[in-house]
*Asks:* 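Can you keep this structure in mind? I'll have questions shortly.
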Amino acid sequence: KKIEFCNINSLAGEWTIDFESPDFAKSGMFCISGPTGSGKTSILDAICLGLYGMTPRLDAIVGDSNEAMTYGTKNCYAKVTFECRGSVYSACWKQHRAPRTNKLQKYTWVLVNETTCSTEASFSKQSEIEATMTRVIGLDFDQFTKSMMLAQGEFNKFLKCKENERAAILEKL
């Protein structure tokens with residue numbers, strides 16, 4: 001339905017991609033294109049951060065390091081609004097620096113069922129985020145990135161993975 005994000009990699013500032021806007025709604029397909037460094041993969045990173053709190057090209061964000069946050073900024077977030085099994089959800093991952101010390105604070109992640117207006121989960125632990133999203137959408141992070149994202153060379157990995165792994169992913173889709 002929608003991606004909202006701020007200060008993710010090369011895309012400084014706030015950004016919104018509304019897949020229900022007329023520009024997207026009239027077409028069943030779209031392409032993310034542009035020159036190297038323009039932010040194409042940053043959009044995919046925002047989707048993964050919002051849903052799972054990590055990205056395929058970066059390790060999990062822990063401690064005092066966040067390579068996904070735009071250099072020199074004080075905060076970042078990624079929020080993904082999606083529909084699954086008849087309910088609308090929003091998953092939002094956020095991280096910021098402390099005002100006085102500039103020290104990176106622990107990230108937070110919240111999953112809201114927008115249909116019932118209730119908070120489904122709120123975590124700052126990677127394993128809990130992934131377990132929740134696996135329950136909600138039926139795909140763990142690895143399955144999601146292999147079947148839905150296929151960013152920068154991941155399609156080749158999907159094709160070369162073991163037949164039973166590929167079959168399990170396709171069955172869930």
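Just so it is clear, the values below take in all heavy atoms, side chains as well, and ignore hydrogens, waters and symmetry mates.
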*Asks:* Applying side-chain contact (heavy atoms from CB on, under 4.5 Å), can you list everything that pairs with S10, at least two apart in sequence or on another chain?
*Replies:*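 Scan of S10 (side-chain contact (heavy atoms from CB on, under 4.5 Å), adjacent residues dropped) gives S42.
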*Asks:* In the structure I gave you, are the side-chain heavy atoms of W15 and E4 within less than 4.5 Å of one another anywhere?
*Replies:* no
*Asks:* Between CG of L104 and CZ of R97, what distance do you get to the nearest 0.5 Å?
*Replies:* 5.0 Å
*Asks:* Could you work out the complete set of other residues in the hydrophobic cluster of Y71, with links drawn between I, L, V, M, F, W and Y side chains under 4.5 Å apart?
*Replies:* none
*Asks:* Assess the residue pair M133 and W109 against the criterion (side-chain contact (heavy atoms from CB on, under 4.5 Å)); give the C-alpha distance rounded to whole Å, side-chain angles, the decisive distance to 0.1 Å, and a yes or no.
*Replies:* CA-CA 11 Å; M133 290 310 294; W109 181 85; 3.6 Å; yes
*Asks:* Would you compute the distance between atom OG1 of T41 and atom CD1 of I8 and round it to the nearest 0.5 angstrom?
*Replies:* 13.0 Å
*Asks:* So do F144 and E130 actually touch side chain to side chain, heavy atoms under 4.5 Å?
*Replies:* no
*Asks:* Donor-acceptor pairs under 3.5 Å, side chain of residues 78-93 to any protein atom, not counting sequence neighbours: which ones?
*Replies:*
unit_1, atom_1, unit_2, atom_2, d
R85, NH1, R135, O, 3.3
R85, NH1, V136, O, 2.7
S90, OG, E114, OE2, 2.5

*Asks:* Which distance, rounded to the nearest 0.5 Å, do you find between the CG of D18 and the CD1 of I3?
*Replies:*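 Separation between the atoms: 10.0 Å.
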*Asks:* Could I get the full list of salt bridge (charged side-chain N to carboxylate O under 4.0 Å, His left out) partners for K74, not counting sequence neighbours?
*Replies:*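 Per chain and number, K74 pairs via salt bridge (charged side-chain N to carboxylate O under 4.0 Å, His left out) with no residue.
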*Asks:* Who pairs with K1 by side chain to side chain donor-acceptor pair (under 3.5 Å), at least two apart in sequence or on another chain?
*Replies:* E20
*Asks:* Looking at residues at least two apart in the chain, or sitting in another chain, which of them share a side-chain contact (heavy atoms from CB on, under 4.5 Å) with T116?
*Replies:*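 Residues passing side-chain contact (heavy atoms from CB on, under 4.5 Å) with T116: N113, S118.
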*Asks:* To the closest 0.5 Å, what do you measure between OG1 (T145) and CG (L44)?
*Replies:* 11.0 Å
*Asks:* Return the set of residues passing side-chain contact (heavy atoms from CB on, under 4.5 Å) with T101 (not counting sequence neighbours), or none when no residue passes.
*Replies:*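 Partners of T101 under the side-chain contact (heavy atoms from CB on, under 4.5 Å) test: A98, K103.
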*Asks:* Within this structure, what is the CG-OG1 distance for the pair D142 and T134, rounded to the nearest 0.5 Å?
*Replies:* 10.5 Å
*Asks:* For S38 and P35, which heavy atoms make the closest approach, and how far apart are they?
*Replies:*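 Taking S38 first and P35 second, the nearest heavy atoms are OG-O, 2.8 Å.
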*Asks:* Please confirm whether the backbone N or O of T70 pairs with a side-chain atom of N7, one donor and one acceptor, at under 3.5 Å?
*Replies:*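 No: the side chain of N7 does not pair with the backbone of T70.
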*Asks:* Report the residues that fulfil salt bridge (charged side-chain N to carboxylate O under 4.0 Å, His left out) with E14, sequence neighbours left out, ordered by chain and then residue number.
*Replies:* none
*Asks:* Atom CD1 in I129, atom CG in L49: separation rounded to 0.5 Å?
*Replies:* 9.5 Å
*Asks:* So, do H96 and K94 sit near enough that their side-chain heavy atoms are less than 4.5 Å apart?
*Replies:*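 No, too far: nothing below the 4.5 Å cut-off.
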*Asks:* May I ask you to list the residues sharing a hydrophobic cluster with V112, side-chain cutoff 4.5 Å, ordered by chain and number?
*Replies:*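 Result for V112 is V110.
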*Asks:* I'd like to check C76 versus F5 (side-chain heavy atoms, cut-off strictly below 4.5 Å). Are they in contact?
*Replies:* no
*Asks:* Report yes if some heavy atom in the side chain of Q95 is under 4.5 Å from a heavy atom in the side chain of N75; otherwise report no.
*Replies:*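 No, too far: nothing below the 4.5 Å cut-off.
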*Asks:* Applying salt bridge (charged side-chain N to carboxylate O under 4.0 Å, His left out), can you list everything that pairs with E128, at least two apart in sequence or on another chain?
*Replies:* none
*Asks:* Apply side-chain contact (heavy atoms from CB on, under 4.5 Å) to the pair E120 and T132, showing each step before the final yes or no.
*Replies:* CA-CA 9 Å; E120 295 264 327; T132 299; 5.7 Å; no
